[in-house]
Amino acid sequence: MSPAYDRNRLVELFGDDAATLAEIEHEFLDTARGAHEEIRETEDLDTIARAAHRLKGASGMIGADALSQVAAAIEQAAHAHDLYRVRRLDESFRHELAKVATLMSVSR
């Protein structure tokens, strides 16, 4: 099973400067938590799809593949006008985000 977050992808993109990596991780977590809040607080499926799409890309870029997959599933559900499925995916979203946050805090 692959880890929830692969810090090596960040190192490949930005180098191995600890301060830079910590800043990027902090910004990612802010973005991810903001997207989660945005998704949870609205029933507007276009807004949900946009927030999930942003998170899907950002997660994939840093190596949080499972979180990226959950975001992709939320985006698909929103495009399918399936708010019920969006809401059902929330537990998976929170779980994967928590795993990524834990790994990021350990790597500092």
Spacing of CD1 belonging to I48 relative to CG belonging to L83, to within rounding of 0.5 Å: 5.5 Å

Polar side-chain atom of R9 near backbone of A64 as donor-acceptor pair, under 3.5 Å: no

Stepwise salt bridge (Lys or Arg N to Asp or Glu O under 4.0 Å) check, E37 with R40: CA-CA 5 Å; E37 187 174 317; R40 291 185 63 172; over 6 Å; no

Distance in Å, I24 CD1 paired with I62 CD1, rounded so as to fall on 0.5 Å steps: 9.5 Å

Shortest non-hydrogen contact from A73 toward R85: CB-NH2, 4.3 Å

Smallest separation among heavy atoms of F28 and S59, with atom names: CZ-OG, 3.6 Å

R50/E38 ion pair, N-O < 4.0 Å: no

Sub-4.5 Å side-chain heavy-atom contact between L55 and R33: no

Gap between atom CG of D90 and atom CZ of R88 - 0.5 Å precision: 12.0 Å

Atom pair CD/OG of E25 and S105 - distance to nearest 0.5 Å: 9.0 Å

OG1 on T102 to CG on L97, rounded to 0.5 Å: 9.5 Å

Heavy-atom closest pair, residues T20 and F14: CG2-CB, 4.4 Å

Closest non-hydrogen atom pair, A4 against V100: O-CG2, 3.4 Å

More than 12 heavy atoms of other groups within 6.0 Å of R94 CZ: yes

Approximate separation, where rounding is to 0.5 Å, of L21 CG and D16 CG: 6.0 Å

Where L45 and D82 come nearest, the two heavy atoms and their spacing: CD1-N, 4.4 Å

Smallest separation among heavy atoms of A77 and V86, with atom names: CB-CG2, 3.7 Å

Derivation of the side chain to side chain contact (heavy atoms under 4.5 Å, CB included) call for H53 and K56: CA-CA 5 Å; H53 182 79; K56 177 181 73 173; 3.7 Å; yes

Residue pair L10 / Y5, side-chain heavy-atom distance below 4.5 Å: yes

